[in-house]
Amino acid sequence: KNQVEQSPQSLIILEGKNCTLQCNYTVSPFSNLRWYKQDTGRGPVSLTIMTFSENTKSNGRYTATLDADTKQSSLHITASQLSDSASYICVVNYPGGKLIFGQGTTLQVKP
Amino acid sequence: EAGVAQSPRYKIIEKRQSVAFWCNPISGHATLYWYQQILGQGPKLLIQFQNNGVVDDSQLPKDRFSAERLKGVDSTLKIQPAKLEDSAVYLCASSASGRNTGELFFGEGSRLTVL
């Protein structure tokens, strides 16, 4: 069964600190893996996309990594800001077009 | 470019009542999705349309949920009768090239509370 599990479920950090969110998937290969950011009361917005052959992809202070051996992706946020407070959702796109969503990690950045 | 539009943003109904949500995707996007997102969980696909045809409705509770996209543009999702467990945010998303490569663009969602 294709599954995507994210950890931690929630996280609180102080403004300016770094953090790393994890996404574990069970089945490979896949077409691509995206990280979405979902602000409270809004729809998810794509942050990064990685194909199965890529190891790292950056978007400003967000850096996604992929380890095919451990079947794990990480989203690293550098120098966090209050506006980073949101839910972060990992979505794996499998051959055949099936999208599997993780349950999300809720990040709260405190001043 | 206008994003995905959804309405209403909020709806409160009593159980056994009916409700309808509307979605207008990004212009030109052939693929439209309805997701259900329960608080604290990731979105769950209810139905996917490619133009006006249904691609995947395997997780749609067809005894109470229905959706249509008659002209291949905007779409409605209906729940009748509603149950308490239907309380959730209903997200509409669209993409230009289908699920294989395309990014999903989400609306802001319609939050349903069933009392």
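Below, chains carry the letters A, B, ... as their sequence lines are ordered, and counting in each starts from 1. Values below: every heavy atom of this structure, side chains too, minus hydrogens, waters and symmetry copies.
- Of the listed residues B:G107, B:P43, B:G40, the one with more heavy-atom pairs under 4.5 angstrom with chain A than any other is B:P43.
- Looking at B:Q37, only its side chain comes within 4.5 Å of chain A, counting heavy atoms on both sides.
- No salt bridge links B:D74 with B:R69; every basic N to acidic carboxylate O contact stays at or beyond 4.0 Å.
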Which is it for B:R64 and B:D86 under the salt bridge (charged side-chain N to carboxylate O under 4.0 Å, His left out) test, yes or no, and what are the steps along the way? CA-CA 10 Å; B:R64 298 184 301 105; B:D86 298 332; 2.5 Å; yes

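- Residues from residues 101-111 of chain A that place a non-hydrogen atom less than 4.5 Å from a non-hydrogen atom of chain B comprise A:F101, A:G102, A:Q103, given in numerical order.
- Under a hydrophobic clustering in which Ile, Leu, Val, Met, Phe, Trp and Tyr are joined whenever their side-chain heavy atoms come within less than 4.5 Å, directly or via other members, A:Y94 and A:L33 fall into the same cluster.
- Side chains of B:L104 and A:Y36 form a contact here, defined as non-hydrogen atoms less than 4.5 Å apart.
- The shortest distance between side-chain heavy atoms of B:Y33 and B:S95 falls below 4.5 Å.
- Ring pair A:F30/A:Y25 is perpendicular by interplanar angle, where above 60° counts as perpendicular and below 30° as parallel.
- A side chain to side chain donor-acceptor pair (under 3.5 Å) with A:N24 holds for exactly one of A:Q72, A:E5, A:K71, A:Q3; it is A:Q72.
- Only the side chain of A:Q38 comes within less than 4.5 Å of a heavy atom of chain B; its backbone N, CA, C and O stay farther away.
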